[in-house]
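Order of the sequence lines sets the chain letters (A, B, ...), proteins ahead of strands, with each chain counted from 1. Every value quoted in this text rests on a predicted model; they were computed, and no experiment measured them. Hydrogens, waters and symmetry mates are skipped; everything else that's a heavy atom, side chains included, is used.
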Amino acid sequence: MPELPEVEVVRRGLAAHIVGKKITAVRVNHPRAVRRHEEGPADLTARLLDNVVTGTGRRGKYLWLTLGSGDALVVHLGMSGQMLLGPVTKTEHLRVATLLDDGTAMSFVDQRTFGGWMLADLVTVDGTEVPVPVAHVARDPLDPLFDDAAVVKVLRRKHSEIKRQLLDQTVVSGIGNIYADESLWRAKVNGARIAESLTKPTLSAILGHAADVMRDALGQGGTSFDSLYVNVNGESGYFDRSLDAYGREGEPCKRCGAIMQRDKFMNRSSYYCPKCQPRPRR
DNA sequence: CCCCTCTCCTGATCGC
DNA sequence: TGCGATCAGGAGAGGG
């Protein structure tokens, strides 16, 4: 399940291999993969053709390629999206196929079809150029211009569970269910606590842990559980071997030994230590 | 405005 | 063996 570190791994792979290359062929196999491109598959195909990739960008879980035309090809991996370079052997979930002028195939493979491609204009927001569909997304904790104090200030006004806020991409981006649980475990805070009830140092610590855990994951090539996430070469990450909270229901807390629990909230699983991260009274 | 729930999708897995 | 139910969850639409 691609969150910031996994998306960044993909961006780096693309930056290393396709910048400067021209797109010489495009085929959309599944219209749902380009549903967010309002002008339709034919328009996307036509505008990608003969375009040169000039650079790459990322904010949170959004990734994009800048093109010679001035457009950005915005890619969201959703739950199971992959950007693959090279021959695709399993074509079952091949949604968009392109060819570059050096003969490399660049493919978008996505089993659950939550992800997709779209073309968009770039716009400058707060001094940083991002594609229009990304303009509403907050800076992520690995952004050099991430403003910890400003995000803490926002969180201090939220009458809402802290985990919900960590998952809200307009508050802080890049964090998904896995890294939210890891950050909260490191900070010893239960995700059901109300954000505004937490102190500034605690909120700042949670954000700091989010940055740390995502940097750690990035160093190991991202997290993967079921091979749905792979980098541009089709290799899985290794960070799942060092998760402290996510998926550890019934196992001992690595800090205190208490048995880790799983709760349902927001229709999602939350893994936490009942001793280190006690649930708030209702 | 703020907050929350629902919905989209496919495949693995589970219980009967 | 088969089949329906459940689960995984990012993010936007829409409701209260």
Side-chain angles (χ1 to χ4, degrees), chain A residues 1-8 10-11 28-38 58-64 74-83 90-96 108-118 120 130-138 140 151 153-184 191-197 210 214 217 222-230 236-237 240 243 245-250 262-271 282:
Chain A
M1 298 134 214
E3 302 180 29
L4 184 155
E6 294 76 30
V7 178
E8 176 62 12
V10 172
R11 188 200 64 77
V28 176
N29 286 345
H30 197 310
R32 189 174 149 79
V34 299
R35 67 193 179 285
R36 293 200 176 87
H37 185 75
E38 288 179 11
R58 183 192 56 75
R59 173 170 287 186
K61 304 170 197 172
Y62 283 87
L63 157 73
W64 61 90
V74 180
V75 177
H76 199 291
L77 302 177
M79 290 289 300
S80 54
Q82 304 172 13
M83 291 287 284
K90 268 191 68 180
T91 57
E92 196 182 351
H93 302 124
L94 177 56
R95 309 308 189 190
V96 187
F108 183 65
V109 174
D110 188 11
Q111 180 207 106
R112 296 178 197 164
T113 67
F114 275 39
W117 286 13
M118 66 187 294
V130 295
V132 168
V134 183
H136 70 289
V137 177
D140 61 65
V151 176
K153 214 168 182 176
V154 169
L155 291 171
R156 285 282 297 146
R157 290 194 292 261
K158 293 289 188 181
H159 275 282
S160 176
E161 292 167 348
I162 181 62
K163 181 168 177 182
R164 187 185 290 278
Q165 294 306 312
L166 293 178
L167 296 174
D168 185 336
Q169 305 298 302
T170 67
V171 173
V172 52
S173 69
I175 303 175
N177 202 39
I178 297 167
Y179 294 111
D181 279 2
E182 293 300 308
S183 306
L184 290 164
R193 301 273 303 273
I194 301 301
E196 68 165 7
S197 75
M214 291 197 291
T223 302
S224 176
F225 302 104
D226 51 12
S227 305
L228 285 179
Y229 162 74
V230 288
S236 297
D240 56 309
L243 292 176
Y246 190 87
R248 299 197 66 248
E249 181 186 20
R262 177 171 67 133
D263 274 4
K264 283 296 211 181
F265 66 74
M266 288 178 67
N267 278 327
R268 269 146 188 71
S269 290
S270 290
Y271 299 89
R282 297 235 46 128

Item to check | Phosphate OP1/OP2 of C/dG10 contacted by A/Y179 side-chain N/O (<4.0 Å) | outcome: no

Checklist entry - Is A/R58 salt-bridged to A/D140, cutoff N-O under 4.0 Å? => result yes

Item to check | Separation of B/dT5 C1' from A/L167 CG (nearest whole Å) | outcome: 15 Å

Item to check | Atom-to-atom span, CD1 of A/I175 to P of C/dA11 - whole angstrom | outcome: 12 Å

Item to check | Distance test, side-chain N/O of A/K158 to OP1/OP2 of B/dC2, below 4.0 Å | outcome: no

Checklist entry - Rounded to whole angstroms, how far apart are CZ on A/R35 and C1' on B/dC9? => result 9 Å

Next on the checklist: OP1 or OP2 of B/dT10 versus the side-chain N and O atoms of A/S80: is any pair under 4.0 Å?
Outcome noted: no

Checklist entry - A/L94 has an atom CG; how far is it from atom P of B/dT10, in whole Å? => result 15 Å

Checklist entry - Looking at A/W64 and A/V130, what are the two nearest heavy atoms and their distance? => result CH2-CG1, 3.9 Å

Checklist entry - To the nearest Å, how far apart are A/R95 CZ and B/dC8 C1'? => result 13 Å

Please produce a list of atom pairs where a protein N or O lies less than 3.5 Å from an N or O of nucleotides 5-8 of chain C.
{"unit_1": "C/dA8", "atom_1": "OP1", "unit_2": "A/R262", "atom_2": "NH1", "d": "2.8"}
{"unit_1": "C/dA8", "atom_1": "OP1", "unit_2": "A/S269", "atom_2": "OG", "d": "2.6"}
{"unit_1": "C/dA8", "atom_1": "OP2", "unit_2": "A/K264", "atom_2": "NZ", "d": "2.4"}
{"unit_1": "C/dA8", "atom_1": "O3'", "unit_2": "A/Y246", "atom_2": "OH", "d": "3.3"}

Next on the checklist: For B/dC9 and A/H30 - does any side-chain N or O of the residue sit under 4.0 Å from the phosphate oxygens OP1/OP2?
Outcome noted: no

Checklist entry - Salt-bridged, A/D110 to A/R32, with N to O below 4.0 Å? => result no

Checklist entry - Below 4.0 angstrom from OP1 or OP2 of C/dG12, is there any side-chain N or O of A/H136? => result yes

Checklist outcome for this item: When A/R164 and A/F114 are each assigned the nearest nucleotide of DNA chain B, the 5'-most assignment goes to A/R164

Item to check | Atom pair distance, as rounded to whole Å: CD1 in A/I194 and P in B/dC2 | outcome: 16 Å

